[in-house]
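Everything on this sheet refers to the single structure shown next.
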Amino acid sequence: MAKTYTTIQGDTWDLIAYKVYGEEKYMRYLLEANWPLIDTLVFSAGTVVTIPDLPEEPDEDAPFWRQDTDGEDSATTYSQTTEVDDE
């Protein structure tokens, strides 16, 4: 079941994204899920907006060796071999 948000006077797409997701950068997902409302810049009170779940995103702040790029946990699949020189 999809979640919804009922607007209050003066809500905007980025403000709704901030309220429901915690960051304005997710506004795109709101727009994609609510095409009939796409021309609305400032909402009046009582408009029902569909709130889609966010897709799983990699942690962009993690170093590259900690990011999951192939569907497996990189930390557990990495192995290192060392050569020992016997003299």
For this session: Is it possible for you to say whether W13 and W35 belong to one hydrophobic cluster, with membership spreading through side-chain heavy-atom contacts below 4.5 Å?
Result: yes

Look at the side-chain heavy atoms of Ile, Leu, Val, Met, Phe, Trp and Tyr, link any pair under 4.5 Å apart, and say whether I51 and L15 land in one connected group.
no

Nearest heavy-atom approach of S44 to Q9 is CA-OE1, 3.5 Å

TODO: Assess whether side chain to side chain donor-acceptor pair (under 3.5 Å) is satisfied between D53 and Y29, documenting all intermediate values.
DONE: CA-CA 8 Å; D53 291 330; Y29 299 108; over 6 Å; no

(request) Evaluate the side-chain proximity of V49 to T4: yes if any heavy-atom separation is below 4.5 Å, no if none is. (result) no

All heavy atoms of V48 vs all of L37, minimum pair found to be O-CD1, 4.0 Å

- prompt: Under a 4.0 Å N-O cut-off, is there an ion pair linking K25 with D14?
  reply: no

- Message: Counting C-beta onward and ignoring hydrogens, is there a side-chain heavy-atom pair between T12 and L41 closer than 4.5 Å?
- Response: no

side-chain contact (heavy atoms from CB on, under 4.5 Å) assessment of Y18 paired with Y26: CA-CA 8 Å; Y18 182 78; Y26 298 118; over 6 Å; no

Criterion side-chain contact (heavy atoms from CB on, under 4.5 Å) on T50 and Y5, from CA distance to verdict: CA-CA 6 Å; T50 301; Y5 171 82; over 6 Å; no

Under the side-chain contact (heavy atoms from CB on, under 4.5 Å) criterion, do Y21 and I16 qualify, and how do the steps go?
CA-CA 8 Å; Y21 297 129; I16 296 169; over 6 Å; no

Check your understanding: Tell me, do L30 and P52 make a side-chain contact under 4.5 Å, heavy atoms counted?
Key -> yes

Next on the checklist: Side chains of T47 and T6, heavy atoms from C-beta outward: is any pair under 4.5 Å?
Outcome noted: no

Do the side chain of D11 and the main chain of I8 share a donor and acceptor less than 3.5 angstrom apart?
yes

To the nearest 0.5 Å, atom CD of E24 lies from atom NZ of K19 at 12.0 Å

Between the CZ atom in R28 and the CG atom in L54, the distance rounded to the nearest 0.5 Å is 10.0 Å

